[in-house]
Amino acid sequence: MAVADIELAAAEGESGGTGEPWRLPDLRPDPAGVAFLLPLGDGVHRLFLGGPEQQGVDRDAPVTADEVRAALARCPGPPRTLRAVRWASRFTDASRQAERYAVGRVLLAGDAAHIHAPAGGQGLNLGMQDAFNLGWKPAAVARGDAPDGLLATYHAERHPVGARVLANTRAQMVLTLPDPDAVVVRELLADLLTTHEANRRVAAMISGTDIRYPMPGAPDHPLRGARAPGLRLLSGRGALLADAPSAVAAAAAGWADRIDQGPAADGGEALLVRPDGHVCWAARDDDADGLRAALARWFGPPRSRLRDGGAPGRPR
């Protein structure tokens, strides 16, 4: 397929742009190919196009103005006239994922770790989530307060997420094929997505807001491994949300250099949140032993033990 940012000639009586309201693109499979416009503002539109003409063109070949005009003619709505092509590029539906995100001192994230078709615009979120998950872990190693195995959790947590995105983007691309079997599956899925529960579930998957990382040893809880929305964290620091004074608030004293404390969430349950915003422990405010185990698992030993075992900041 190809994508192009284009300027359209104004219709008679218009000062610029197309003058028409934005409409949902028609993505039904069509043997002639896919073509739809998204407005970017100030008379500029992004055009997605793909069909038989694009299949035999080399990936590095420039996208021509004639290709753009042919695609514009297939777009629903009134005729449009191309004024200029600002930028254009070709892309494929290739889906690839590195077998390992961490090998020795090499760590892979973003497009270096995975590529896929841009269905749903998930690539940017996926790469940013890689960075959020990874960034605080080598920093803890460099400071000398990382627990054993912390870096290994990056691959364990993020590789399955990348694999799931590759799977759903491949499925979305299959649904755009001009094939009778793909059409009936697409119609069935479209009907299912009219239900609130199915729509909510697929939206959460595509947006990445339903990610739950495995949290070994943590008490079973609906928020375990999930994001803690609406929480602002200082760079590189975790957070304990627990009412003070309480047993768990006191138990976290040895990690005060790595953990900020705040009031408990609604319902009074205490939450421990990692620097990437994911809940790594959630329980009653009297489970001090469970909290200490979670703190050690994700943030290393308490400060007194660091002093006994070596100077903080020395990599181990």
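Because only heavy atoms are used, hydrogens play no part in the values below, and waters and symmetry mates are left out as well, while side chains stay in.
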Backbone of Pro52 reached by a side-chain donor or acceptor of Gln55 within 3.5 Å: no

Salt-bridge criterion met for Glu157 and Arg212 (N-O under 4.0 Å): no

Can you check whether Val44's main-chain N or O pairs, donor with acceptor, with Asp42's side chain at less than 3.5 Å? no

Using side-chain heavy atoms (C-beta onward) and a distance below 4.5 Å, is Val63 in contact with Val68? yes

Would you call Val34 and Phe48 a side-chain contact if the rule is heavy atoms closer than 4.5 Å? no

Check for me, please, whether Trp87 and Met1 land in the same ILVMFWY cluster - side-chain distances under 4.5 Å, paths through other members count. yes

Write down the atom of Leu166, the atom of Thr169, and the distance for their closest heavy-atom approach. O-OG1, 3.0 Å

Between Ala35 and Pro76, which heavy-atom pair has the shortest distance, and what is it? O-CD, 4.3 Å

Should the ring pair Tyr101 and His155 be called parallel, tilted or perpendicular, given that the plane angle runs from 0 to 90° and is split at 30 and 60? perpendicular

Can you tell me how far CG of Asp243 sits from CD of Gln261, rounded to the nearest 0.5 angstrom? 11.0 Å

Locate the shortest heavy-atom distance separating Ala296 from Pro147; write the atom from each residue and the value. O-CB, 3.3 Å

Using only heavy-atom distances, determine whether the side chains of Gln129 and Arg158 contain a donor-acceptor pair under 3.5 Å. yes

Grouping I, L, V, M, F, W and Y whenever their side-chain heavy atoms are under 4.5 Å apart, do Val3 and Ile115 come out in a common cluster? no

Which class fits the ring pair Trp136 and Trp298: parallel under 30°, tilted 30 to 60°, perpendicular over 60°? tilted

With heavy-atom distances below 4.5 Å as the criterion, would you say the side chains of Leu72 and Leu82 are in contact? yes

Give the C-alpha distance, both sets of side-chain angles, the deciding distance and a yes or no for side chain to side chain contact (heavy atoms under 4.5 Å, CB included) between Leu126 and His116. CA-CA 11 Å; Leu126 191 60; His116 55 83; 4.2 Å; yes

Hydrogens and angles aside, do Glu7 and His45 bring a side-chain donor and acceptor to less than 3.5 Å of each other? no

So, Tyr213 versus Arg274: side-chain donor-acceptor pair below 3.5 Å or not? no

Given side chains that start at C-beta, do those of Leu272 and Leu295 come closer than 4.5 Å, heavy atoms only? yes

Would you check if Arg59 and Thr92 make a side-chain contact, meaning some heavy-atom pair closer than 4.5 Å? yes

Test item: Phe91 and Pro118 side chains (from C-beta on) under 4.5 Å apart, heavy atoms: yes

How many angstroms lie between CG in Asp287 and CZ in Arg292, if you round to the nearest 0.5 Å? 9.5 Å

Pairwise side-chain contact, Trp255 with Asp145, heavy-atom cut-off 4.5 Å (strictly under): no

Under 3.5 Å, is there a donor-acceptor pair between the side chain of Arg258 and the main chain of Phe299? yes

Do other residues, nucleotides or ligands put more than 12 heavy atoms under 6.0 Å from the CZ atom of Arg170? no

Could you see if Leu134 belongs to whatever hydrophobic cluster contains Met128? Use Ile, Leu, Val, Met, Phe, Trp, Tyr and a side-chain cutoff under 4.5 Å. no

Could you tell me if Asp130 and His114 have a donor-acceptor pair between their side chains, going purely by distance under 3.5 Å? yes

I'd like to know if Asp210 pairs up with Arg164 as an ion pair, taking the criterion as any Lys NZ or Arg NE/NH1/NH2 lying under 4.0 Å from an Asp or Glu carboxylate oxygen. yes

Does the side chain of Arg224 come within less than 4.5 Å of Val279's, by heavy atoms? no

In the single-linkage hydrophobic clustering (I, L, V, M, F, W, Y; side-chain heavy atoms under 4.5 Å), do Leu108 and Val165 co-cluster? no

For the CZ atom of Arg80 and the CG atom of Leu8, what is their distance to the nearest 0.5 Å? 7.0 Å

Group every Ile, Leu, Val, Met, Phe, Trp and Tyr by side-chain heavy-atom contacts under 4.5 Å, then state whether Val103 and Leu151 land in the same group. no

Of all the heavy-atom pairs spanning Ala119 and Met173, show the shortest one and how long it is. CB-SD, 4.4 Å

On a heavy-atom basis, the closest approach of Leu192 and Ala198 is O-CB, 3.3 Å

If you apply the rule side chain to side chain contact (heavy atoms under 4.5 Å, CB included), what do you find for Leu175 with Val185, and how did you get there? CA-CA 7 Å; Leu175 293 176; Val185 174; 3.8 Å; yes

Which pair of non-hydrogen atoms, one from Gly50 and one from Arg74, has the smallest distance, and what is that distance? O-NH2, 3.9 Å

Gap between atom CG of Asn133 and atom OG1 of Thr153 - 0.5 Å precision: 6.5 Å

Residue pair Leu271, Leu223: steps toward the side chain to side chain contact (heavy atoms under 4.5 Å, CB included) verdict: CA-CA 9 Å; Leu271 302 177; Leu223 288 178; 4.0 Å; yes

Kindly determine whether Leu49 and Gln54 satisfy side chain to side chain contact (heavy atoms under 4.5 Å, CB included), including the steps that lead there. CA-CA 8 Å; Leu49 60 146; Gln54 283 70 44; 3.7 Å; yes

